**Student:** 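Have a look at this one before I ask anything.
Not measured: the values here are computed from a predicted model. Scope of the values below: all heavy atoms of this structure, side chains included, with no hydrogens, waters or symmetry mates.
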Amino acid sequence: MKKMNILGIGAHPDDIEFGCSGTLIKYAQTGHNVFLLVMTQGDQGGVSEIRAKEQMVSKKIIGAKEVFWGGYEDTHLIVEKELITKIENVIYENKPDLIFCHYPEDTHQDHRHLTQAVMSAARNLKNVIFYEGPTTQNFTAGVFVDISGLLEHKIDSLMAHESQVTKTNIEDLSIVEIAKSLANFRGIQGRVKYAEAFQPLRLFINI
């Protein structure tokens, strides 16, 4: 089996975990190389030092090789050459076979802008797919990954971001409850118990 390099990209700590950590864990457990690129330390949603430490705990749960930091201030991501170049540098260093990133339609500007930059930075890559999050809009599932045996690991990766678990802006509803409900719903759509769903920008199925 050829080892693949998989790159998960998110605007803030815990974005990747919600959107695709079950899939990343599955890749890591089957021997592939997983890397994370987090563009901010989420300082608008908490203390940046704490959120960075939480991300490193989650990294171990996912089984990622390394976390790359973009160094941007939370809520200040804009589509410009510097942002695109930073993403290109990580792509050049790690040569990913597959990239996961936010879905382009999202009510959070950091998510939207990051994905626009990723689409430019990854313009020459074959496999780029988008994950969904709590602020995603108009998402239609097109690709499914069965995470039936990995849901608890996904939840553990979210729980690693303990400062954020209850910050959903929905009374009495934690991010863990949202993630479980979504995994169940996508699983029903995909005809399994639990799944993560994606929408491809480009996805090659090689025969």
**Student:** Would a distance-only check, ignoring hydrogens and angles, find a side-chain to backbone donor-acceptor pair under 3.5 Å from His111 to Gln109?
**Tutor:** no
**Student:** Taking atom types as modelled and ignoring hydrogens, do the side chains of Gln164 and Asp14 form a donor-acceptor contact shorter than 3.5 angstrom?
**Tutor:**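 Checked: Gln164/Asp14 side chains show no N/O donor-acceptor pair below 3.5 Å.
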**Student:** Tell me if a side-chain donor or acceptor on Thr40 pairs with a main-chain N or O of Tyr72 at a distance below 3.5 Å.
**Tutor:**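 No.
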**Student:** Return yes if some donor-acceptor pair links the side-chain N/O of Arg51 with the main-chain N/O of Gly42 below 3.5 Å, else return no.
**Tutor:**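 Indeed, once roles are kept as given, a pair shorter than 3.5 Å links the two residues.
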**Student:** Indicate the ring-plane relationship of Phe35 and Phe68, choosing parallel, tilted or perpendicular according to the 30° and 60° boundaries.
**Tutor:** tilted
**Student:** Taking Asn127 for its side chain and Phe204 for its backbone only, find out whether a donor-acceptor pair lies under 3.5 Å.
**Tutor:** yes
**Student:** Okay, side chain of Arg202, backbone of Leu125: is any donor-acceptor separation there less than 3.5 Å?
**Tutor:** yes
**Student:** Judged by atom type as modelled, is there a donor-acceptor pair below 3.5 Å linking the side chain of Ser48 to the main-chain atoms of Gln41?
**Tutor:** no
**Student:** Checking Arg112 now: which residues fulfil salt bridge (charged side-chain N to carboxylate O under 4.0 Å, His left out) with it, not counting sequence neighbours?
**Tutor:**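 By the salt bridge (charged side-chain N to carboxylate O under 4.0 Å, His left out) rule, Arg112 matches no residue at all.
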**Student:** Okay, side chain of Gln137, backbone of Glu105: is any donor-acceptor separation there less than 3.5 Å?
**Tutor:** no
**Student:** Report yes or no: does Asp97 contribute a side-chain atom to a donor-acceptor pair with the main-chain N or O of Asn5 at less than 3.5 Å?
**Tutor:**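 Confirmed, Asp97 side chain pairs with Asn5 backbone.
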**Student:** For Ser174 and Thr168, which heavy atoms make the closest approach, and how far apart are they?
**Tutor:** C-CG2, 3.6 Å
**Student:** Please confirm whether the backbone N or O of Glu54 pairs with a side-chain atom of Ser58, one donor and one acceptor, at under 3.5 Å?
**Tutor:**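 Judged by distance alone, no pair lies under 3.5 Å.
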**Student:** Hey, is the main chain of Gly45 close enough, under 3.5 Å, to the side chain of Lys167 for a donor-acceptor pair?
**Tutor:**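 Yes; at least one donor-acceptor contact below 3.5 Å.
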**Student:** Quick check on the 6.0 Å ring-centre criterion: do His102 and Phe130 meet it?
**Tutor:**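 Here the rings of Phe130 and His102 have centres that are no less than 6.0 Å from each other.
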**Student:** Picking from Ile147, Thr30, Ile62, what satisfies side chain to side chain contact (heavy atoms under 4.5 Å, CB included) with Ile25?
**Tutor:** Ile62
**Student:** Using the rule side chain to side chain contact (heavy atoms under 4.5 Å, CB included), only one of Val38, Val67, Val34 pairs with Lys59; which is it?
**Tutor:**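 With Lys59 as partner, side chain to side chain contact (heavy atoms under 4.5 Å, CB included) holds for just one option, Val67.
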**Student:** Are more than 12 heavy atoms from other residues, nucleotides or ligands located less than 6.0 Å from atom NZ of Lys95?
**Tutor:**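 More than 12 within 6.0 Å, yes.
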**Student:** Using the test salt bridge (charged side-chain N to carboxylate O under 4.0 Å, His left out), find all partners of Glu88 that sit at least two apart in sequence or belong to another chain.
**Tutor:**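 For Glu88 the salt bridge (charged side-chain N to carboxylate O under 4.0 Å, His left out) partners, ignoring immediate neighbours, are Arg123.
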**Student:** Which residue in the set Asn169, Asp106, Asp110 passes side chain to side chain donor-acceptor pair (under 3.5 Å) when paired with Thr135?
**Tutor:** Asp106
**Student:** In the structure I gave you, are the side-chain heavy atoms of Ile175 and Pro134 within less than 4.5 Å of one another anywhere?
**Tutor:** yes
**Student:** Does a side-chain heavy-atom distance below 4.5 Å link Val176 with Val165?
**Tutor:** yes
**Student:** Counting only heavy atoms from other residues, nucleotides and ligands, does the tally under 6.0 Å from NZ of Lys193 exceed 12?
**Tutor:**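 It does not: Lys193 NZ has 12 such atoms or fewer within range.
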**Student:** Tell me which pairs pass side chain to side chain donor-acceptor pair (under 3.5 Å) where either residue lies in residues 142-161, with sequence neighbours left out.
**Tutor:** Glu17-His161, Ser21-Ser157, Asp146-Ser148, Lys154-Glu196
**Student:** On a heavy-atom basis, which atom in Leu114 and which in Ala11 lie closest, and how many Å separate them?
**Tutor:**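 Heavy-atom minimum between the residues: CD2-N, 3.4 Å.
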